[in-house]
Amino acid sequence: MNLSPLQKARYEYSPKLPGMLRHGIADICVKEGEATQSVADQDKISALFPNTYGKKEITFQKGQNTSPEKKQVVGVILSGGQAPGGHNVVCGLYDALKATNKDNVLYGFKGGPSGLLEDDYIILEDEYIDQYRNTGGFDIIGSGRTKLETQEQFAVAAEVCKKHGITAIVIIGGDDSNTNAAVLAEYMAANNTGVQVIGCPKTIDGDLKNEDIEASFGFDTATKTYSELIGNIERDCNSAKKYWHFIKVMGRSASHVALECALETQPNICLISEEVAEKKMSLSQIADQIADSVVKRAEKGMNFGVVIIPEGVVEFVPEFSKLISEINELLAGSKAAEFNALPDWDAKYAFIEKGLTSESMEVFAILPQSIQQQLFLDRDPHGNVQVSLIESEKLFSALVGAKLAERKAAGTYCGKYATLHHFFGYEGRCAFPSNFDADYCYSLGYNAFMLIQYGYTGYLSKVSNLSKPADEWVAGGMPITKMMNMERRHGEDKPVIRKALVELDGAPFKYFEAHRAEWAENTCYTFPGAIQYFGPSSVCDITTRTLALEKGE
Ligand code: FBP
């Protein structure tokens, strides 16, 4: 295999464990805390999880290991979108498993949860594992988006586990995958299969966090990667002084990624979807807000700037979601074929005009034609508009252009307005994990095995106190049911882990809010540069601004 120098160097990196896990397996004992309750809907959740509800929070500490001696055969699954550090979760799990008993076995189910259902696996061993230490990506076993959620699937999973003598499954995934891990744990317990299920919190989106889970892994590296790129663009923009850059960043519905990048780079504008929803902002109001910055900067001779746009923002604009649901309705059933048979865009436009309410038509009419057409082209298998595919960076730059044209016509000086567009998402999902993610992920995996060895099921591997140096991190586990509440999903009430959106009264947003007026008008860019893997800890081991602000630092 051809290796880059960094790859070789990263193989040698020893991830840092929390101090309490550094004593060696024989000296790790459990301290049980209080029994837990779900964050809401306790009666319903406890009724749905009779075998796994109400268990105690646990932490590990130094002391005689009292776990039963038992050969463990563990299966691991990577679920959903890639996030830097996934390989280290598998490596940490493997190392703890082998350090406990060299006869223990780790199965890696391939291609995500479907690997378990299809009994498609690889047995992980030293030589193979060593090629993936401290590297980005999920290619060690692959990932997938099959959901493990039906009783039939659980029965198949139980059969596969029985066939291989599997004693525990570790699911590395986001809020949905960990919700499903809790349901699977309950199924395995209710059916006396003897299979434990442990989850690990993954997602670059940063939306799997709560009072117990301080951060999902991958968020640190992905946001550092995007922030490096945004900082570079800011510097280019401040050098050439001729473009407004509109940059969309991944993150699904939540704006944690956009907000963290803004805190790292101090762009002129960053939209926050949760604020757009709270203030019920219209497209026009958002465009005006950006246009105000363009005009103010133009007055100072600065015809350039940077705007960060969270991936999900259009879904949060009330008039836009109304438009989307009307379009979905307009093309439901056989009407899609009727629409597609129309000869040209003019005929299609007339069809649309006839089918939409006047309010939605007003919104539709102000969209650039490319976006209008996109709304009718990119549809999911159910025929619905795929909101995440909408090029919102182009949408907002065009809407701002229209606003500036109006203002110019009314006599306002608007300077020059030339735009460029970017979308940063996949660039950050498989980066070499930062030291933080390498350490955090290895610890999550190592810790997951300790939970298995001590017989816990339905728990999320929990490592906390993350804004401090790794030796002060606290390792333990939290029953997943503690993080659950009932929500309406696809027309049914379901027990789910609550998705964390940006809190408008939280410290990260408050900091941004206090500074954004200055950033909008002046050039306050900061340049985070590339992730540093070697060098002083003050440069290499720092985590996100979001975490630091949340911790009051
Ligand atoms: P997860 O929620 O599975 O962690 O994935 C996150 C994410 O990267 C989102 O930010 C993005 O919207 C989505 O995955 C893209 O999905 P895909 O990889 O299927 O294109």
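Both ligands and their constituent atoms are indexed starting at 1 by order of listing.
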(request) Please confirm whether Arg429 makes a cation-pi placement over Tyr426, using NZ or CZ under 6.0 Å from the six-membered ring centre and within 45° of the ring normal. (result) no
(message) Under 6.0 Å from the ring centre and within 45 degrees of the ring axis: does the NZ or CZ of Arg10 meet both conditions for the six-membered ring of Phe432?
(response) no
(request) Please round to the nearest 0.5 Å and tell me the distance separating atom SG of Cys91 and atom CD1 of Ile140. (result) 5.0 Å
(message) Any carboxylate oxygen within less than 4.0 angstrom of a Lys/Arg side-chain nitrogen, looking at Arg516 and Glu275?
(response) yes
(message) Check this for me: does any side-chain nitrogen of one of Lys462 and Glu214 sit under 4.0 Å from a carboxylate oxygen of the other?
(response) no
(request) Report all protein residues having a heavy-atom distance below 4.0 Å to some atom of ligand 1; order the list by chain, then number. (result) Gly80, Gly81, Arg145, Lys202, Thr203, Ile204, Asp205, Met250, Gly251, Arg252, Glu311, Tyr426, Arg429
(message) Would you say that more than 12 heavy atoms from the other residues, nucleotides or ligands in this model lie under 6.0 Å from the CD of Gln131, or not?
(response) yes
